[in-house]
Number of protein chains: 2
Amino acid sequence: MKTSKKRSHVTLQDVAAHAGVSRATASLVLRGSPNISEATRQKVLAAMQQLGYVYDRIAANLRSNASSTVGLIIMELANPFYSELLVGIHQELDKFGYTVILGTTFDSHAIQERLLSTMLEHRVGGIILSAVPGSSSEGVNQIIKLGIPVVLVGRKIANVSCDYVGIDNVRGGQIAAEHLIRKGHRRIAFLGGFSQLSSWQERKRGYDQAHYAAGLPIDNNLVVETPATRQGGIAAIQKVLTAPEPPTAAFCYNDMIAIGAMMQMKEMGFVPGRDMAIVGFDDIPEATIFSPKLTTVSSFPRLMGIHAARLLHAQIEGAADEPQTIILQPELIVRESCSYAKNQTRA
Amino acid sequence: MKTSKKRSHVTLQDVAAHAGVSRATASLVLRGSPNISEATRQKVLAAMQQLGYVYDRIAANLRSNASSTVGLIIMELANPFYSELLVGIHQELDKFGYTVILGTTFDSHAIQERLLSTMLEHRVGGIILSAVPGSSSEGVNQIIKLGIPVVLVGRKIANVSCDYVGIDNVRGGQIAAEHLIRKGHRRIAFLGGFSQLSSWQERKRGYDQAHYAAGLPIDNNLVVETPATRQGGIAAIQKVLTAPEPPTAAFCYNDMIAIGAMMQMKEMGFVPGRDMAIVGFDDIPEATIFSPKLTTVSSFPRLMGIHAARLLHAQIEGAADEPQTIILQPELIVRESCSYAKNQTRA
DNA sequence: CTGAAAGCGCTTACAG
DNA sequence: CTGAAAGCGCTTACAG
């Protein structure tokens, strides 16, 4: 806001003058128009070189009512899920020539609102948004009405009709729970995350379905909500481990929680994987470096990013008709953190 | 580049008309000028509300020759060192009201060049750059000459005079090697990274100094250059482990390498920390979740980011006189990956 | 193949 | 306290 800066400015005007042509002609060669003689083209190019001209894309965009930027709003960067998502989005957007403007909400509505308007003010050509849980449809719908393409990623918003890319969370929760059940577990905790999140609800539903299918009861004392961080995992496992009748396995809302939980188990003298089976969600790189290696449900964050970028591009190009939805199929990655249940409850 | 988009446009003109004032007056209330009567202020504000006006900061910046964006160029996001750096920078820049434009080079000169000009074309108010190793001074000096503030972070460029924030790499390498020497190790590998990097050279110098001080010889067969990634760590440890006379300890250029090395040791049936002492550099979150927990030299990436953002801000505000240099002092974080040497060479 | 003119949405002296 | 006018750096029909 309080920014300001003196700019030494070689303008297209200067280039044109130096080359002995009009501003319009200079602009034409800049943009590679075919109906410019090779001779003047060279003259202008030489002038740009000599003067050290730098194109003012901002001014050009203003005049031609275009945009070369895209806004990207995610929760935070500390969770590798989002770094990976960002990598995918960024890499793909790059190919299309967009420049990305980044914002992180830390799941605060106020920040998300601010970020959204900042991006509009900066004339972004479109927005990729991983929305704060419980976001109202209002804000986003307003943006869409303005004609700015939006694609939601990972987190849906009720009553908003726009592109969405996500993972089949129900299925993900289901295959995780099924895996645990197959290993003989009958008391399976559901650890971390918050029930306001659509992804939480869906993973929980999958978990429930697997229980129903196996004829297992669901004990709500075994679901504990915490932030989806390592800290949250520590808190969650602690609660469940000190309960009167602890579970023999835990399905964690995401890998961060799973890792926090396993760290805390070690801290308390338990052996994760043996004393309690753990499965995570996302398959972040950390999943593979922990001992035991984390069995988890991959949500392909990088791929999600790539899809999101492509959808946005299609919309910006006007190639989109109806709002699209892309749901990736999750995959169970079996590693080392799930042993068989020894008996009904932990020894 | 190929971007374009129709914008439904409520302009300040529209707002002014709707409120029955001139465009200039509307602009004044927008910017909170004191010499506007409360009555017209309210009228204009109401009009903005009703019309759903969105401020075009880009146009405003163009007219007033200002900028509200900052360019940030780093190597990649997969390395948590950079995520952490980004978090620090982003968080601090946010406070000043800047919007950040992100670019990743993957250590390619060509990409860095492209990113740099893209950012200039987008009229960034300043640039924070973690330069590709072996960057020429030309590019950056040109930008500085244009009057665009630059702050270099983590990686210096020879013959460029501008703000720099980094870590005392010499000292870092020294305390790492000293720690290992104190533990009785006499053959200490230096693993990963590339010798073109100023930070590599400096850490190596510290490592050398510690050896000199202890009267230990330096065996150049023990320094192996690889990419500073987990993969690089795997390759490096493999090379050194299969050598005729393997070292008993390794100082790794960064934590990614250290973790890769330890993973590979496990893979090969060795126990990291016991069969070979390992110390890393950076103290990324992963350092703490690996078993054994990694002993490492903290480089405070988040803090570096905060300092970089502040320096840039000072420059943009014109509050800067001479180029500043901030060198953070590294700190040895002792955890579990360094046992005492058993005897001269590994059993 | 090239130039003169209008205009993108805003701000900024300058008058009144 | 408010308006008319010029201009930021560019592009885009429209003539010639």
Side-chain angles (χ1 to χ4, degrees), chain A residues 1-44 47-48 51-68 120-123 125 146, chain B residues 1-44 47-48 51-68 120-123 125 146:
Chain A
M1 318 261 148
K2 46 206 70 124
T3 325
S4 102
K5 184 186 46 68
K6 293 302 119 220
R7 248 202 172 227
S8 61
H9 36 281
V10 175
T11 85
L12 240 202
Q13 183 73 278
D14 301 331
V15 170
H18 194 265
V21 300
S22 78
R23 199 150 97 254
T25 303
S27 175
L28 257 13
V29 346
L30 194 57
R31 322 196 49 240
S33 166
N35 9 321
I36 291 283
S37 73
E38 188 55 23
T40 57
R41 218 178 69 80
Q42 291 302 342
K43 264 195 308 188
V44 173
M48 296 192 344
L51 267 42
Y53 173 67
V54 3
Y55 183 48
D56 191 331
R57 189 176 300 280
I58 285 307
N61 283 345
L62 173 60
R63 178 55 236 260
S64 58
N65 192 27
S67 170
S68 51
L120 293 185
E121 294 182 358
H122 280 275
R123 311 177 106 253
L146 247 36
Chain B
M1 318 264 147
K2 46 208 69 122
T3 324
S4 103
K5 183 187 44 69
K6 293 302 119 217
R7 247 200 174 227
S8 62
H9 35 281
V10 175
T11 84
L12 241 202
Q13 183 73 279
D14 301 331
V15 171
H18 193 264
V21 300
S22 77
R23 198 150 97 256
T25 303
S27 175
L28 256 14
V29 348
L30 195 57
R31 324 198 47 242
S33 165
N35 9 323
I36 292 283
S37 72
E38 186 56 22
T40 58
R41 218 178 70 80
Q42 290 304 341
K43 264 195 309 188
V44 173
M48 295 191 348
L51 268 41
Y53 173 67
V54 2
Y55 183 48
D56 191 331
R57 190 176 300 280
I58 286 306
N61 283 346
L62 173 61
R63 178 56 238 259
S64 58
N65 192 26
S67 170
S68 51
L120 292 186
E121 293 182 359
H122 280 275
R123 311 177 108 254
L146 246 38

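Convention: sequence-line order gives letters A, B, ...; per-chain numbering from 1.
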Asker: Please examine the side chains of B/D56 and B/T11, heavy atoms only from C-beta on, and report whether any two atoms are closer than 4.5 Å.
Answerer: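 No, too far: nothing below the 4.5 Å cut-off.
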
Asker: If you compare all heavy atoms of A/A19 against all heavy atoms of A/V44, which two are closest, and at what distance to 0.1 Å?
Answerer: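 For A/A19 versus A/V44, the nearest heavy atoms are CB-CA, 4.0 Å.
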
Asker: For B/R123 and B/N65: C-alpha separation, side-chain torsions, deciding distance, then whether side chain to side chain contact (heavy atoms under 4.5 Å, CB included) applies.
Answerer: CA-CA 9 Å; B/R123 311 177 108 254; B/N65 192 26; 3.8 Å; yes

Asker: Ignoring backbone atoms, test whether A/T25 places a side-chain nitrogen or oxygen under 4.0 Å from the OP1 or OP2 oxygen of C/dG3.
Answerer: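 Result: yes.
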
Asker: Quick check on D/dG9: is either OP1 or OP2 less than 4.0 Å from any side-chain nitrogen or oxygen of A/R57?
Answerer: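 So the side-chain polar atoms of A/R57 never come under 4.0 Å of the phosphate oxygens OP1 or OP2 of D/dG9.
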
Asker: Using a cut-off of under 3.5 Å, enumerate the N/O to N/O pairs linking the protein to nucleotides 14-16 of chain D.
Answerer:
none

Asker: Give a yes/no on whether any side-chain N or O of A/S27 is located under 4.0 angstrom from OP1 or OP2 of D/dT11.
Answerer: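 A/S27 to D/dT11 OP1/OP2: side-chain N or O found under 4.0 Å.
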
Asker: To the nearest Å, how far apart are A/L28 CG and C/dG3 C1'?
Answerer: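 Whole-Å distance recorded here is 11 Å.
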
Asker: What pairs meet the salt bridge (Lys or Arg N to Asp or Glu O under 4.0 Å) rule with one or both residues in residues 29-41 of chain A, with sequence neighbours excluded?
Answerer: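 Every pair satisfying salt bridge (Lys or Arg N to Asp or Glu O under 4.0 Å) with a residue in residues 29-41 of chain A: A/E38-A/R41.
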
Asker: Between A/K43 and A/V29, does the side chain to side chain contact (heavy atoms under 4.5 Å, CB included) criterion hold? Intermediate values first, please.
Answerer: CA-CA 10 Å; A/K43 264 195 308 188; A/V29 346; over 6 Å; no

Asker: Under 4.0 Å between a side-chain N/O of B/T40 and OP1 or OP2 of D/dT2, yes or no?
Answerer: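 For D/dT2, OP1 or OP2 has a side-chain N or O of B/T40 closer than 4.0 Å.
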
Asker: Using whole Å, report how far CG of B/N61 lies from C1' of C/dC10.
Answerer: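 Roughly 10 Å, once rounded to whole Å.
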
Asker: Reading DNA chain C 5' to 3', how would its secondary structure be written in dot-bracket notation, given Watson-Crick and G-U pairs with both distances under 3.5 Å, brackets [ ] for crossing pairs and | for partners on other strands?
Answerer: |||.||||||||.|||

Asker: Sequence neighbours left out, what passes salt bridge (charged side-chain N to carboxylate O under 4.0 Å, His left out) with A/R23? Give chain and number order.
Answerer: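 For A/R23, no residue satisfies salt bridge (charged side-chain N to carboxylate O under 4.0 Å, His left out) once neighbours in sequence are set aside.
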
Asker: Stepwise, does the side chain to side chain contact (heavy atoms under 4.5 Å, CB included) test hold for A/L146 with B/V54?
Answerer: CA-CA 10 Å; A/L146 247 36; B/V54 2; 3.8 Å; yes

Asker: Can you sort out the partners of A/A60 under side chain to side chain contact (heavy atoms under 4.5 Å, CB included), two or more places apart, ordered by chain and number?
Answerer: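 Only A/Y55 meet the side chain to side chain contact (heavy atoms under 4.5 Å, CB included) criterion with A/A60.
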
Asker: Expressed as a whole number of angstroms, how long is the span from A/L30:CG to C/dT2:P?
Answerer: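 Answer to the nearest Å: 15 Å.
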
Asker: Restricting to non-hydrogen atoms, name the atom on B/A47 and the atom on B/V15 that form the minimum distance, rounded to 0.1 Å.
Answerer: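 Residues B/A47 and B/V15, closest heavy atoms: CB-O, 3.8 Å.
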
Asker: Which atom pair, heavy atoms only, marks the closest approach of A/L30 to A/M48?
Answerer: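 Closest pair (atom of A/L30, atom of A/M48, distance): CD1-SD, 3.7 Å.
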
Asker: Check the interface with nucleotides 5-8 of chain D: list each N/O to N/O pair with the protein under 3.5 Å, or write none.
Answerer:
| residue | atom | partner | partner atom | Å |
| --- | --- | --- | --- | --- |
| D/dG7 | N2 | B/R63 | NE | 3.4 |
| D/dG7 | N2 | B/R63 | NH1 | 3.1 |
| D/dG7 | N3 | B/R63 | NH1 | 3.1 |
| D/dC8 | O2 | B/R63 | N | 3.2 |

Asker: If each of A/I58 and A/R31 is mapped to the nucleotide of DNA chain D with the nearest heavy atom, which maps nearer the 5' terminus, i.e. the 5' end?
Answerer: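 Nearest-nucleotide comparison on DNA chain D picks A/I58.
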
